[in-house]
A.B. asks: 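Starting off with a structure, shown below.
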Amino acid sequence: MDIDNMVQNSALVRAREGGGNKGRSWRWKEMLRFPHISECRELAKTIERDYYDLCVYQPIGKKLFHLYCLTRPELHNYMLLLDALLCVHLLNSSCFSFFFYNFLCVPQANQCVPSLAKHEQSCINSLELDPCEDVFHKCKEFLHEYLSQEPFTQYQFSMHFDRFLQWKHLERRPITKYNFREYRLLGKGGFGEVWASQVRATGMMYACKKLEKTHVKKWQGEHMALNEKELLEEVDSRFVVNLAYAYETKHSLCMVLTMMSGGDLRFHIHNMGKPGLTMDRVYFYAAEVCCGLIHLHQKSIVYRDLKPENILLDDKGHIRISDLGLAVKLEDGDLVQGRVGTLYYMAPEVISKEKYNMSPDWWGLGCLIYEMIAGKSPFRDKSERPKSSEMEKRIISKTVEYNEKFSTDAVDICNGLLNRNPKHRLGCQGLGGKEVKTHPFFRQINFRMLEGGLVEPSFKPDPRLVYCDDVQDIEEFCALRGVVLNQSDGEFYAKFNTGSVPRSWQNELIDTGCFEELNVFGPMGSRPPDLDW
Ligand code: ADP
Ligand code: MG
Ligand code: MG
């Protein structure tokens, strides 16, 4: 192994471990020093006063609203109940009813939240009807309805809300390359490189995907780049990579993404001994990908690029869908047309340039499940490089063959997903992802637990290993000469350069412990000087 590669790998491994200061700069507190509240006047005037956004959706907002409610004893029970309802939807149905009858339906509980009683019957009904639905939705809605009135109004006069404004002020500061420390090159894409990157102030590790401005311009990738960035900003799933920041440097446009340090599925299927994966991993990854696709489809996004290279593992062994470069958002009821994707994994309707909506993604899942089990793609042997005309012919007409590793259920789900007629394909019969989730192939998977992140992966990547090609094997990317950037490019860059993504930024501060350490108030819960108007 090359020395340079070894040095860079060990620097990355050390950075991931964190070390004494959890990877934070020694100046981290100064970097995250609250502005005096008087500097937040403009923000206070312009911020939209939406209860759901400020107190439920935004993680730091939610924490501060919670802290405020705890200063009012008469609200304690509301908060307790709200917390309980958040956890209980992750349990299975028998725990569910136990919880419901023994905790929520006792008279004392109803007394603490009087009008909740009238929702009791509707919850029980929906619980019996379909234990998979979020049966406490109504109760939760009721609690939020109450909290969004007087408590929310009063909250906006509290020091907790002022503190929220201070956090928002920090969140909205412009982002530049100086916010990050850079480690080794992780991979290369169509428009540039992906680097391991660490936020100096918090120590959080990310992958920074850089798009070289001259390449984007030369290949007219502006629309594509903005599309990818905006879709990433919109999705919010533990099964799709998250965007934390978007910023620009002199030469590139940067998307800072969830760090996926366990390598991609292509690597795990083909480079770790005998091709293919054990069945427990196949079920688990297929189920997680299925949840990721369902999330995208709920947002009317077709992904269109499902293949092992694009499914990445994190340090715990969970997967996320990455690379939304080819994804597209459909306006309601619309179909798209367009031959995009990687030929080996392209659905027949895409190849024949028909119109489609979400169907190519279910075909893609069929190819992926097949490849994880067989150790090769359904239409191509491992070392084969068929011409594209041959490849198209096979996808449109070749019968898929299954070896002895496929159980009856595995054959059945692959046949269902690899149905050439999108109208008859599993996942496209009107119920979408639900058809796939309820297939007997997934018998062992508890999807509710999986969606809550409560299923432990059976394979955990080795924290001492760096699961990517050696640095010297990844080709360098350099700026193109003769491409001149001008005023109109600047307008596009400004649309791209939006800085921190609020939800990701706030989660970063919470997950790295910085929020907890910095969010202190005065003695006995008094207003500290930085919050004195
Ligand atoms: P492109 O759209 O140009 O193909 P990708 O998003 O696929 O770019 O990224 C290129 C490569 O960078 C990937 O194949 C992978 O090796 C690496 N990579 C991308 N995103 C991440 C990430 N979030 N974590 C770790 N490595 C990544
Ligand atoms: Mg890619
Ligand atoms: Mg791409």
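Indexing begins at 1, ligand by ligand and atom by atom, following the structure's order. Every value quoted in this text rests on a predicted model; they were computed, and no experiment measured them. These numbers come from the heavy atoms of this one structure, side chains and all, not from hydrogens, waters or symmetry mates.
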A.B. asks: Hey, mind stepping through Glu390 and Lys387 against salt bridge (charged side-chain N to carboxylate O under 4.0 Å, His left out) and telling me if it holds?
C.D. replies: CA-CA 5 Å; Glu390 166 63 17; Lys387 282 207 302 251; over 6 Å; no
A.B. asks: Picking from Phe379, Tyr370, Tyr345, what satisfies ring pair (Phe, Tyr, Trp, His ring centres under 6.0 Å) with Trp363?
C.D. replies: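 Testing Trp363 for a ring pair (Phe, Tyr, Trp, His ring centres under 6.0 Å) against Phe379, Tyr370, Tyr345 leaves exactly one candidate, Phe379.
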A.B. asks: Could you verify whether a donor N or O on one side chain and an acceptor N or O on the other, from Glu212 and His251, lie under 3.5 Å apart?
C.D. replies: no
A.B. asks: Please tell me whether His270 and Glu371 have a donor and an acceptor in their side chains that are separated by less than 3.5 angstrom.
C.D. replies: yes
A.B. asks: Quick one: ligand 1 N/O to protein N/O pairs below 3.5 Å?
C.D. replies:
{"residue": "ligand 1", "atom": "2 (O)", "partner": "Lys209", "partner atom": "NZ", "Å": "2.9"}
{"residue": "ligand 1", "atom": "2 (O)", "partner": "Asp323", "partner atom": "OD1", "Å": "2.9"}
{"residue": "ligand 1", "atom": "2 (O)", "partner": "Asp323", "partner atom": "OD2", "Å": "3.1"}
{"residue": "ligand 1", "atom": "3 (O)", "partner": "Gly190", "partner atom": "N", "Å": "2.6"}
{"residue": "ligand 1", "atom": "4 (O)", "partner": "Asp323", "partner atom": "OD2", "Å": "3.2"}
{"residue": "ligand 1", "atom": "6 (O)", "partner": "Lys209", "partner atom": "NZ", "Å": "2.7"}
{"residue": "ligand 1", "atom": "7 (O)", "partner": "Asp323", "partner atom": "OD2", "Å": "2.9"}
{"residue": "ligand 1", "atom": "8 (O)", "partner": "Lys209", "partner atom": "NZ", "Å": "3.2"}
{"residue": "ligand 1", "atom": "23 (N)", "partner": "Thr258", "partner atom": "O", "Å": "2.8"}
{"residue": "ligand 1", "atom": "24 (N)", "partner": "Met260", "partner atom": "N", "Å": "3.1"}

A.B. asks: Could you grab the distance from atom CG of Leu257 to atom CZ of Arg320, nearest 0.5 Å is fine?
C.D. replies: 10.5 Å
A.B. asks: Between Ser261 and Asp315, do the side chains contain a donor N or O and an acceptor N or O under 3.5 Å apart?
C.D. replies: no
A.B. asks: In the structure I gave you, are the side-chain heavy atoms of Lys22 and Cys514 within less than 4.5 Å of one another anywhere?
C.D. replies: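 A side-chain contact is absent here, since even the closest heavy-atom pair is not under 4.5 Å.
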A.B. asks: Applying side-chain hydrogen bond (donor to acceptor under 3.5 Å, both in side chains), run through Thr202 and Glu508 and close with a yes or a no.
C.D. replies: CA-CA 8 Å; Thr202 65; Glu508 174 186 326; 2.7 Å; yes
A.B. asks: Which protein N, O or S atoms lie under 2.8 Å from the Mg ion (ligand 2), given by chain and residue number?
C.D. replies: Asp323 OD2
A.B. asks: I need the single residue from Lys229, Lys213, Lys495 that forms a salt bridge (Lys or Arg N to Asp or Glu O under 4.0 Å) with Glu248. Which is it?
C.D. replies: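 Exactly one pass, corresponding to Lys213.
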